[in-house]
Amino acid sequence: MIPLVDLKAQYAAIRREIDAALQGVLDSCAFIKGANVAAFEREFAGFCGASGCATTGNGTDALYLALRALGITAGDEVITVANTFIATAEAITLAGAKPVFVDTLEGSMLLDPSALESAITSKTKAIAPVHLYGQPCDMDSVMDIAGRHGLLMVEDAAQAHGALWSGKPAGTLGHAGCFSFFPGKNLGAYGDGGAVISGDQELIRKIGLLSNHGRSDKYLHQMEGVNSRLDELQAAVLRVKLRYLREWTDKRNRVARLYIEALTGSNVKLPEVDGRSEPAWHLFVIRVGNRDELRARLKEQGVDTGVHYPVPLHLQPAYERFGMPEGSLPVTERHARQILSLPIYPELSGGQVAHVAEIVRKYARPVEN
Ligand SMILES: *Cc1c(COP(=O)(O)O)cnc(C)c1O
C-alpha cells in the first residue's frame, strides 16, 4: 500500500525530539505567545531569508491578514488563479475584496502572466500569485507587471516552503509571502498553523497585532483584529521539523526527479519546470487523457492518488455570484479533467516510485488536445 502522503513515517523518524518538545510545553504550561512562537518566527524568517515573520492560526488567515494589513478592502479587486485551494480566494473575500480569476499556463499549470495583465482594471489593487504544487510562478513577469501597474503582491506560498525563483525564496519576492503549516504541507504542524514573511518590519508588526485582537498590551487594543495565533505546542513541533526541512525537501525533489526520468517518453504530460525555478515539490501532478480510469487502476494495485483540484474555483457553487460560466478559463478547466497527483513524500523509496511509474506507464492514455 502506497499512500499519497505518509505522516506516520515522518513522526516515527523524529519521535523522540517531537515528544520532548511537546513535553517541554506541557511542563511550562505556557500555551499561547510563549518562547517557542517567538523563536519559530525568527527561525522561519531565517530559513526563508526574510527579515520578519508573523505567525497566524492557519494559512488562510496568513493570506487574509496580509491583505488586510496592506490595506486591501471593499471595492478592490485582487487577481489570482482558479486552480488553487479555495483559501486563496476566501482570504480575498474576507478582506472585503473581489477575487478575479485568470487562466493558467499549459506546461506548468501556474498563473499565466499575459492573462494576468489583461485582467487588470482601475479597481485592481493586488495580485495573489500561487506557487502551486511547490513550483514558483513566473515571478519575473509577475513582478514586472506589478511594478508597471503599481500593484501590491501577496504570494500564496502555502505549498512552496523553500522553493526558489532565480535564487530567491518563494514568499520573499512580493510585499508579503504567506505559508500554511497544515499537517500535510511540506512543513506541517500537528494541527493548524500559518505565517507571513516580509522585508517590511512595520507590516509584520501590524499582522502580529491583527492576529492577536489588535492588542499592544493585555487590555489595550490599537485596532480590532482577530484571534488567529499559532500556539506553543504547534510552534514546538514546527521548530523540530524546520531543522529537517531542507533535507526533506531534497528528498521530495529526488522523488520528482525519479518520476520525471521514469515517465519521460510515456503518454503522460509531465509538469514543466522553468529554468529559473527550483521547486520544493509538494504535489507531483501529471496529466493524462484517462484520469479516472488510471486512478482506479492505481487504487486496485494499492497506490493512493489525489486530484488537486477537481473543480476550479470560478465553477464552485460558492463563487457562482462572480458569474464566470464554464468556458471562461479554458486551460484551467481542461486541466481539471486531466490532472492526477501521484504519491510524494520524503520517505518514498526509489523502488516505490518505480512501482508507481510502471503502473502509470502501462495504463496512461495521452490527453486529447
Ligand atoms: C493549504 C493552502 C492554503 C491554506 O492554508 P490553511 O493552513 O489550510 O488555512 C492556502 N493556499 C494554498 C494554495 C494551500 O494549499
Side-chain angles (χ1 to χ4, degrees), residues 4-5 7 40 44 53-68 78-95 99 101-102 104 108-111 126-137 139 142 153-163 170-171 174 176-197 207 210-211 226-231 233-235 237-238 241 252 271 279-285 306-314 316 318-319 332 335-336 339 341 344-345:
L4 184 61
V5 289
L7 299 181
F40 176 71
F44 190 65
C53 170
T55 50
T56 55
N58 54 70
T60 310
D61 284 349
L63 287 160
Y64 160 56
L65 295 177
L67 290 165
R68 215 180 123 181
V78 179
I79 302 175
T80 191
V81 286
N83 180 29
T84 179
F85 182 57
I86 190 171
T88 318
E90 282 176 321
I92 296 167
T93 61
L94 272 169
F101 300 115
V102 298
T104 39
S108 66
M109 301 174 272
L110 304 171
L111 184 132
I127 308 171
V130 183
H131 306 311
L132 200 69
Y133 310 144
Q135 274 222 72
C137 304
M139 290 303 281
V142 173
M153 199 198 314
V154 174
E155 299 173 66
D156 183 340
Q159 300 190 1
H161 317 66
C178 302
F179 293 85
S180 164
F181 308 121
F182 180 80
K185 297 289 159 78
N186 287 13
L187 177 61
Y190 288 164
D192 281 309
V196 184
I197 58 168
I207 293 166
L210 284 170
S211 69
V226 294
N227 179 353
S228 184
R229 300 172 298 223
L230 187 72
D231 68 61
L233 286 165
Q234 301 309 331
V237 168
L238 289 168
K241 288 194 172 193
R252 288 175 169 277
W281 289 102
H282 173 59
L283 293 165
F284 193 81
V285 177
V307 176
H308 301 88
Y309 295 88
V311 181
L313 294 186
H314 67 295
Q316 292 284 352
Y319 292 137
T332 301
H335 287 177
I339 47 181
S341 308
I344 187 167
Y345 48 90

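Both counts, for ligands and for their atoms, begin at 1 and track the order of listing. The figures here come from the full heavy-atom set of this structure, side chains too, leaving out hydrogens, waters and symmetry mates.
A donor-acceptor pair shorter than 3.5 Å cannot be found between the side chains of Thr56 and Ser211. Inspection of the Glu155 and His131 side chains reveals an N or O donor paired with an N or O acceptor under 3.5 Å. Using modelled atom types, one finds no donor on one side chain facing an acceptor on the other under 3.5 Å when comparing Asn186 with His161.
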Review item, side-chain donor-acceptor pairs of residues 79-86, under 3.5 Å, at least two apart:
residue: Thr80; atom: OG1; partner: Ala128; partner atom: O; Å: 2.8
residue: Asn83; atom: ND2; partner: Tyr133; partner atom: OH; Å: 3.3
residue: Thr84; atom: OG1; partner: Thr88; partner atom: OG1; Å: 2.8

Show the distances, to 0.1 Å, for all pairs joining an N/O atom of ligand 1 and a protein N/O atom that are shorter than 3.5 Å, listing one pair per line.
residue: ligand 1; atom: 5 (O); partner: Ser180; partner atom: OG; Å: 3.2
residue: ligand 1; atom: 7 (O); partner: Gly59; partner atom: N; Å: 2.7
residue: ligand 1; atom: 7 (O); partner: Ser180; partner atom: OG; Å: 2.7
residue: ligand 1; atom: 9 (O); partner: Gly59; partner atom: N; Å: 3.3
residue: ligand 1; atom: 9 (O); partner: Thr60; partner atom: N; Å: 2.8
residue: ligand 1; atom: 9 (O); partner: Thr60; partner atom: OG1; Å: 2.5
residue: ligand 1; atom: 11 (N); partner: Asp156; partner atom: OD1; Å: 3.3
residue: ligand 1; atom: 11 (N); partner: Asp156; partner atom: OD2; Å: 2.7
residue: ligand 1; atom: 15 (O); partner: Gln159; partner atom: NE2; Å: 2.8
residue: ligand 1; atom: 15 (O); partner: Lys185; partner atom: NZ; Å: 3.1

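Contact of the Val196 side chain with the Cys178 side chain is registered, since non-hydrogen atoms from C-beta on lie closer than 4.5 Å.
Across all their heavy atoms, Glu90 and Tyr319 have their closest contact at N-OH, 3.4 Å.
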